[in-house]
Amino acid sequence: MPGYGKHVRLIAATLAVFAAALVAPFAHAEDLVVYTALEDDEYPAYLELFKKAHPDVNVKIVRDSTGIVTAKLLAEKDNPQADVIWGVAATSLLVCDAAGMLQGYAPGDVDKVNPSMKDSSAPPRWVGIKAWETGFCVNTVEAKSQNLAIPKSLADLAKPLYKGKIVMPNPASSGTGFLTVSAILQMMGERQGWEYLDKLHENIAQYTHSGSKPCKMAGAGEYPIGISFGYRGIIQKKKGEPVETVFPSEGCGWDVEANALVKKTPVKESAKKFLDWALSPEVMKMYARVYPVTAYPTGEPVPEGYPSDPFKQLVKNDLAWAAKNRDAILTEWTRRYDGKSEARK
């Protein structure tokens, strides 16, 4: 048939172009390994935004508590597995930076970030996205049934009334635990701080390896009080649990949830895309809907349940001091109190 071969070749070429168009988004998909300590019921909603904007990047999340993520990063120093660190305590990233593990990168919108929430190097080796702070989760039903006054301060928690009624995160495993202990030592001074922690220890039933677990245990009625962080208690109350979140009257310990580029060869372009996105106004607004202290203003109102001026609630916090003294603090804490820690899995 005249022209048949020509038509076949035309059809074949058209199909090839069509097939290439279908395959193109997937043919160059790049795996991106992201280590994070963001809450496991928090980060998936954020991540959906990135996936929509960058369907060519296959994000592999490795999520755990801050102390465990930090230990994993340090153990992998000579053979880094992560490409990006997302939402891990700045005090931990300062430790990683001192070990030469981070590479400077200035993501888009970095100039908007409060100077206290990013590394001062140019380009910065870590950049904060938001802060989180100590909060007490109190089960109001259990408190009433056990005739316990709702504690309003760190001083209250050390009263004999609460003996065996409190659970708290282990600071070696949990960033929330560490920022709480660090704040106590900075506010009270090291001698008085350890004396206070000795008294508090008398009232602790268990130290957990997760910052959110004490609040979850309080919400479930296992213990009436969990030392945790604000977001956790506020979210649980929204879900209908009988939990009141208390921000201690002395002020809250806090740390910055920060991002960083892991130093490795080669550095993936998708890692830089991720860090640009993770500081973008779109996702910052999502952070602000549940966390009142963000790296730069978003225009979002303070979430319900937090103090009207959350910045005033934060204690003076020397992040560099906390990072420099982290190992010594954890060694001393473990020597004194680790006997009440839950068994590791």
Side-chain angles (χ1 to χ4, degrees), residues 35 37 63-77 88-99 101 132-137 154 157-158 162-218 222-223 225-229 232 248 252-255 257 315 317-345:
Y35 283 14
R63 191 270 161 196
D64 218 314
S65 295
T66 299
I68 296 170
V69 171
T70 306
K72 186 173 176 62
L73 286 164
L74 292 170
E76 295 169 355
K77 178 189 173 209
V88 172
T91 47
S92 290
L93 296 190
L94 283 162
V95 172
C96 292
D97 187 34
M101 298 167 59
W132 88 110
E133 71 295 287
T134 302
F136 312 154
C137 299
L154 291 168
L157 291 183
Y162 301 108
K163 187 176 180 64
K165 306 295 185 183
I166 305 171
V167 281
M168 174 182 172
N170 179 323
S173 310
S174 157
T176 303
F178 182 73
L179 67 85
T180 301
V181 170
S182 172
I184 289 166
L185 296 176
Q186 289 189 61
M187 283 192 296
M188 301 181 186
E190 293 190 56
R191 184 179 64 81
Q192 290 186 348
W194 287 115
E195 288 175 359
Y196 169 81
L197 289 168
D198 285 345
K199 293 177 183 177
L200 179 63
H201 179 68
E202 293 299 311
N203 292 346
I204 298 293
Q206 186 181 72
Y207 297 104
T208 69
H209 295 300
S210 158
S212 59
K213 189 171 181 179
C215 196
K216 292 177 181 177
M217 295 171 82
E222 296 178 53
Y223 295 94
I225 303 167
I227 300 174
S228 188
F229 56 102
R232 188 74 256 163
C252 297
W254 60 279
D255 204 337
E257 290 186 332
V315 301
N317 186 10
D318 186 337
L319 294 175
W321 179 90
K324 180 180 178 181
N325 291 282
R326 182 175 183 274
D327 285 348
I329 291 169
L330 295 180
T331 297
E332 182 65 12
W333 187 94
T334 299
R335 182 186 72 80
R336 289 172 180 251
Y337 313 127
D338 198 42
K340 286 187 179 179
S341 291
E342 66 178 337
R344 292 183 182 271
K345 294 179 181 179

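What you see is a predicted model, and the numbers here were worked out from it, not measured in a lab. Every heavy atom of this structure was used, including side-chain atoms; hydrogens, water molecules and symmetry mates were not.
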Roughly how far apart are [X] [atom1] and [Y] [atom2], rounded to 0.5 Å?
X	Y	atom1	atom2	answer
Glu195	Gln192	CD	CD	6.5 Å
Ser341	Ile204	OG	CD1	10.5 Å
Lys213	Gln206	NZ	CD	6.0 Å
Ile184	Leu154	CD1	CG	5.0 Å
Cys96	Leu74	SG	CG	4.5 Å

Counting C-beta onward and ignoring hydrogens, is there a side-chain heavy-atom pair between [X] and [Y] closer than 4.5 Å?
X	Y	value
Arg326	Thr70	yes
Gln186	Val315	no
Lys72	Asp64	no
Tyr196	Leu157	yes
Met168	Val181	yes
Phe178	Ile329	yes
Leu94	Lys324	no
Asp198	Tyr337	yes

What pair of heavy atoms forms the shortest contact from [X] to [Y], and how long is it?
X	Y	answer
Ser92	Val88	CB-CG1, 4.0 Å
Leu179	Trp254	CD1-N, 3.5 Å
Glu133	Cys252	CB-CB, 3.8 Å
Gly175	Trp132	C-CZ2, 3.8 Å
Ser65	Ser173	CB-O, 3.3 Å
Asn203	Ala158	ND2-C, 3.4 Å

Would the distance check show the side chain of [X] and the main-chain N or O of [Y] forming a donor-acceptor pair, the cut-off being under 3.5 Å?
X	Y	value
Ser174	Thr176	yes
Tyr223	Gly164	no
His209	Glu342	yes

Checklist entry - Using 30° and 60° as the class limits, which term best fits the ring planes of Tyr207 and His201: parallel, tilted or perpendicular? => result parallel

Checklist entry - Got a sec, which residues hit side-chain hydrogen bond (donor to acceptor under 3.5 Å, both in side chains) with Thr180, two or more places apart in sequence or on another chain? => result Thr134

Checklist entry - Less than 4.0 Å between a side-chain N and a carboxylate O, is that true for Arg335 and Glu332? => result yes

Next on the checklist: Checking Leu73 against Met101 for the side chain to side chain contact (heavy atoms under 4.5 Å, CB included) test, could you report, in this order, the C-alpha distance in whole Å, the side-chain angles of both residues, the deciding distance, and whether it holds?
Outcome noted: CA-CA 9 Å; Leu73 286 164; Met101 298 167 59; 4.0 Å; yes

Next on the checklist: My understanding is that only residues two or more places apart in sequence, or in another chain, count here; which of them pass salt bridge (Lys or Arg N to Asp or Glu O under 4.0 Å) with Asp327?
Outcome noted: none

Next on the checklist: Restricting to salt bridge (Lys or Arg N to Asp or Glu O under 4.0 Å), what partner residues turn up for Glu257, sequence neighbours left out?
Outcome noted: Lys130

Item to check | Thr208-Ser210 side chain donor-acceptor pair, cut-off 3.5 Å | outcome: no

Next on the checklist: Walk me through whether Trp321 and Ser182 qualify under side chain to side chain contact (heavy atoms under 4.5 Å, CB included).
Outcome noted: CA-CA 9 Å; Trp321 179 90; Ser182 172; 4.0 Å; yes

Item to check | Atom NZ of Lys340 with >12 non-hydrogen neighbours under 6.0 angstrom | outcome: yes

Item to check | Trace of the side chain to side chain contact (heavy atoms under 4.5 Å, CB included) decision for Cys137 with Lys216 | outcome: CA-CA 9 Å; Cys137 299; Lys216 292 177 181 177; over 6 Å; no

